[in-house]
Amino acid sequence: MKLDVAVIGASSAGLYAAEQLARCGKRVAVFEQQTELAPARRTLIITPQLKHVLGYVPEAAVLHRIHTISVAAGAVSASVRLRDPDLIIERSLLAQMLAQRAEQAGVPIHYGHRFRRFDAHPQGVTLQLQTAAGDTPTVVASAVIAADGIGSDVARAAGLPHPPTVPIIQAEVCLPAGWNPDVTWVWFDTEETHFFYWLIPESATHGVVGLVGDEGIQTRVLLEQFLVRHGLQPLGYQGAQVAMYDRTLRPWGSIGSAPILLVGDAAGQVKVSTVGGTVSGIWGAKAAVRALTRGTTYAHELWSLRRELDLHWLVRRLLDRADNRQYERLVQHISPAVQRFLGHYNRDEMAGKLWTLALRQPALLLLGGQLLFHRSSTETPPPASRTPMPEMTETDH
Ligand SMILES: Cc1cc2nc3c(=O)[nH]c(=O)nc-3n(C[C@H](O)[C@H](O)[C@H](O)COP(=O)(O)OP(=O)(O)OC[C@H]3O[C@@H](n4cnc5c(N)ncnc54)[C@H](O)[C@@H]3O)c2cc1C
């Protein structure tokens, strides 16, 4: 088999890239190690920027819409009304939809085909695969897109480094009685995590409570304790390691004349402020497609995504230094002007705009400056109060 582009991994980023390449007339195929497209259930909250990167809203995968995000630290909280609602998406439905679109565009998806290694070839690169039946077919391709997730075998074979990772775990729960299903809540508690907890409704009756942690088993224990504290029964768990953007990593390389372009978690294309990787992963796939169809470099096409991810990287560096008292001050600074700003621009379109927040709320700039010179929260003594969950009858949105 001779291809223009081999895509490794039937992830959202890989399937999107394959469809777009086929529509541009490229001979492209996807190779996926699983024998069928049945990724584990994962409830995702995704900004409306998804429509911008995909070109459409994947309605078949949308479970629910969220119009308000509320944040709490200690005893203080603030709410932001979103101009365009966040989408609550089921990952497997999104993957199925993207796979269907890729196949309709003429892309063969070879399930049960695991990428193993590369060999040089005069017309590009030879990929050695292993099928679920134990066969070892080879494929020659002029270019490779690696959408094979955090442990990317392609990156390893190409000698490219893996991005750092953090664990995310979320429990599927029934919403507490009286809970407003239009609102996602986020709680900061640096005593337990330097990221945050959340409750994301996925319907009028159900949602997920989750946590980005620092270490796998401890994260699960913290989440279980959180559920017990708030009287929530887990119906099931969703969890995995997620990549963290590292601005020093270059997600591309080459084997002979074949460019090897990493996209999605394999490339660390994840906003580290919120640890969301779906929109930015597809954005990275879009950049890879452009590079391969326009004859430009991936580095050039990645410019706008890297600018966005760099900003989130800087925000994360500052937040990692905050303790609970500083998080309380941060939430207190969410004035009506800040609420309007955060409601207007989504979390995937902050580059070039976030700085205007300083004009609307100069106290945020001051707080940012203080954090720059503050010790990391992991070094600070534990604060006195623990973030309470809001009243179950919360109706202020
Ligand atoms: C619990 C949880 C909640 C999350 N919530 C959100 C959220 O709310 N919003 C958000 O934006 N992001 C969220 N994320 C992050 C998001 O899910 C990931 O960033 C995104 O799924 C990464 O997708 P990907 O396209 O890079 O690869 P993946 O989804 O990891 O897919 C990689 C694919 O490659 C295949 N593969 C691997 N190795 C090989 C090989 N050698 N050969 C062939 N195939 C291979 C795998 O089988 C898999 O199908 C969450 C993550 C977790 C764990």
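First listed ligand is number 1; within each ligand, the first listed atom is number 1. Just so it is clear, the structure is predicted and the values come from calculations on it, not from any experiment.
Of the candidates S12, A157, S11, S11 brings a heavy atom nearest to atom 27 (O) of ligand 1. Of the listed residues (R114, Q170, R42, R117), the one carrying the non-hydrogen atom nearest atom 17 (O) of ligand 1 is R42. Selection from D348, I150, L44 by nearest heavy atom to atom 6 (C) of ligand 1 gives L44. The heavy atom nearest to atom 1 (C) of ligand 1, considering only T47, I168, I89, T278, is found in I168.
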message: Working note: K271 + E308, criterion salt bridge (charged side-chain N to carboxylate O under 4.0 Å, His left out); need CA distance, chi angles, decisive distance, verdict.
response: CA-CA 8 Å; K271 299 187 297 288; E308 187 72 33; over 6 Å; no
query: Please walk me through it: do D310 and Y245 pass side-chain hydrogen bond (donor to acceptor under 3.5 Å, both in side chains)?
result: CA-CA 8 Å; D310 281 347; Y245 175 66; 2.7 Å; yes
task: Apply the test salt bridge (charged side-chain N to carboxylate O under 4.0 Å, His left out) to residues R65 and D84: give CA-CA distance (whole Å), side-chain angles for both, the deciding distance (0.1 Å), then the verdict.
output: CA-CA 9 Å; R65 285 177 161 80; D84 298 318; over 6 Å; no
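Residue A147 touches ligand 1 through its backbone alone, judged by heavy-atom distances below 4.0 Å. Counting heavy atoms closer than 4.0 Å to ligand 1, residue Q241 contributes nothing at all. Under 4.0 angstrom from ligand 1, the non-hydrogen atoms of Q33 come from both its backbone and its side chain. At a 4.0 Å heavy-atom cut-off, ligand 1 touches D265 through backbone and side chain alike.
Looking at ligand 1, you'll find an N or O of I45 within less than 3.5 Å of one of its N or O atoms. Between Q238 and ligand 1, no pair of N/O atoms sits closer than 3.5 Å. For a threshold of 3.5 Å applied to N or O pairs, the pair formed by V263 and ligand 1 contains no separation below that value.
Taking all atoms of both residues into account, the shortest heavy-atom contact from E59 to M97 is N-CE, 4.4 Å. Across all non-hydrogen atoms, the minimal contact from L249 to P161 is CD2-CG, 3.6 Å.
Residue Y197 forms a ring pair (Phe, Tyr, Trp, His ring centres under 6.0 Å) with just one option from F188, W187, F226, W185, and that option is F226. When each of I200, L44, V62 is paired with I88, the side chain to side chain contact (heavy atoms under 4.5 Å, CB included) condition holds for I200 and for no other.
Under a 4.0 angstrom heavy-atom cut-off, H113 registers as being in contact with ligand 1. Distances from ligand 1 to the non-hydrogen atoms of R91 include at least one value under 4.0 Å. Residue G281 places every heavy atom at 4.0 Å or more from ligand 1.
Side-chain atoms of V263 and Y16, non-hydrogen and from C-beta on, never get closer than 4.5 Å to each other.
The protein heavy-atom contact nearest to atom 12 (N) of ligand 1 is G277 N, 3.2 Å. Looking from atom 38 (N) of ligand 1 to the surrounding protein, the closest heavy atom is D148 CB, 3.6 Å. Atom 41 (N) of ligand 1 has its closest protein heavy atom at D153 OD2, 2.6 Å. E32 OE1, 3.3 Å is the protein heavy atom nearest to atom 35 (C) of ligand 1. Scanning the protein heavy atoms around atom 42 (N) of ligand 1, the nearest turns out to be F115 N, 3.0 Å.
Side-chain contact of S142 with D4: a donor-acceptor pair under 3.5 Å is absent, judged by distance alone. Counted by atom type alone, R329 and Q370 present one or more donor-acceptor pairs between their side chains at under 3.5 Å.
Below 4.0 Å from some heavy atom of G276 lie the following atoms of ligand 1, by number and element: 10 (C), 11 (O), 12 (N).
Taking a 6.0 Å sphere around CD1 of I217, one finds it holds 12 or fewer heavy atoms contributed by other residues, nucleotides or ligands.
Distance alone, capped at 3.5 Å, places no donor-acceptor pair between the T126 side chain and the H121 backbone.
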